[in-house]
There are 2 protein chains.
Amino acid sequence: MSPRGRRPGGVDTRAAILTAARADFAEQGYDATSVRGIARRAEVDPALVHHYFGGKAKLFAAVLDIPADPAVLIGAIVHGPRERVGEALVRTFLSVWDSEEDRQRFQALLRSAVTHDEATLMLREFLTREVFGRVMRELAPAAGRSEAAGRSKVAGARELELRAGLAASQMIGLAVMRYIVELPAVVGASHDELAAMLGPTLQGYLAPDD
Amino acid sequence: MSPRGRRPGGVDTRAAILTAARADFAEQGYDATSVRGIARRAEVDPALVHHYFGGKAKLFAAVLDIPADPAVLIGAIVHGPRERVGEALVRTFLSVWDSEEDRQRFQALLRSAVTHDEATLMLREFLTREVFGRVMRELAPAAGRSEAAGRSKVAGARELELRAGLAASQMIGLAVMRYIVELPAVVGASHDELAAMLGPTLQGYLAPDD
């Protein structure tokens, strides 16, 4: 997680940055918000924002109380064997959210994203930029192969975004059934069972040729 | 939809039944609520509840403002060719929710199910009883074949419930991405595209041997 209390007054500075970030993200959305703008609002040097949070994406994760760095998780998924990217995604997702404390954070995040238009917009821009954008870049070779089969680059990029969105839809739906609706059969399923049943689905969306 | 105004005072009677049903479902959940209890609360004869709404499941759909009869939709899906049950589910789902008016109802339903514990419980019991229960009965022959391959009946029923839950998770996730988060690539996808990409997923969950 983020460093804390490295210097006297660090907690206050960190809190001030978080408060400013929350306001900026809410007012402007993810894309239009800048580290410089947040620093100005918090009346601190932009270098301190980087020092405490390591950049915009991590700051956003902190504002939304996401208990993990998405970039690290995505890296762990896409840098494994390509033919097991689907299973890796399911296992990583479950490992992050299956603790009681994290589950509560996730429920809060999901409820706010589904309920408040402001949070929905922030989350959409964040997902598009930091999650899907990253997944799409990492999986680009697959698109290259599709192009060789005669598709245009634009169609390839659009299809890749759709595929990433469908992968996200399966994981969000799993979260709703397991952590919100709490359907007994889905709550009771082990990580191994879910990896075995959902892995091929995610594999089919993200890396169908592997 | 339900019959209206068939006799003088019909609208008031119908509204009284709806109000009583809403209160009973909220207080007791789906399973513990009875048509008889609703009729008592509304101070009408139980036959009138059946006359206006045709039974508990349809009454629940009316309370939640679900714009279609789940039993009819499920029947349309499971009575088609078994090897296309996945595609049929995707197409039926999209056809119901893709009109502007129905989309608003669906958003409201989804938001309330994700936000209020009371609505979540009602919806879980309804899904388990009227949707998954029905799908599981219709797809039972597949479980029979699994049993022949050496599995016990209990394991077969549990796996079937898990499979139905995962199918629901994919459809709910699709709804979140298409109607709530509104990710451009998912919003822009045609019914044909989504049927082609999601059909195999649903087929794999619901009827993997067909």
Which residue out of G165(A), P200(A), S169(A) racks up the most heavy-atom pairs below 4.5 Å with chain B?
S169(A)
Using a cut-off of under 4.5 Å for heavy-atom pairs, which of I172(A), L162(A), V176(A), L121(A) has the most such pairs with chain B?
L162(A)
Donor-acceptor contact present, side-chain [X] to main-chain [Y], <3.5 Å:
{"X": "R178(B)", "Y": "L94(B)", "answer": "no"}
{"X": "E87(A)", "Y": "Q203(A)", "answer": "no"}
{"X": "R124(A)", "Y": "L183(B)", "answer": "no"}

Atom group of [X] that falls short of 4.5 Å from chain B, counting heavy atoms:
{"X": "V181(A)", "result": "both"}
{"X": "E125(A)", "result": "neither"}
{"X": "L194(A)", "result": "side chain"}

Let me confirm one number: the CD-CG distance from E161(B) to L166(B), rounded to the nearest 0.5 Å.
10.5 Å
Measure from NZ or CZ of K56(A) to the centre of the six-membered ring of F126(A) and say whether it is under 6.0 Å with the direction within 45° of the ring axis.
no
Interface moiety of E193(B) toward chain A, non-hydrogen atoms closer than 4.5 Å:
side chain
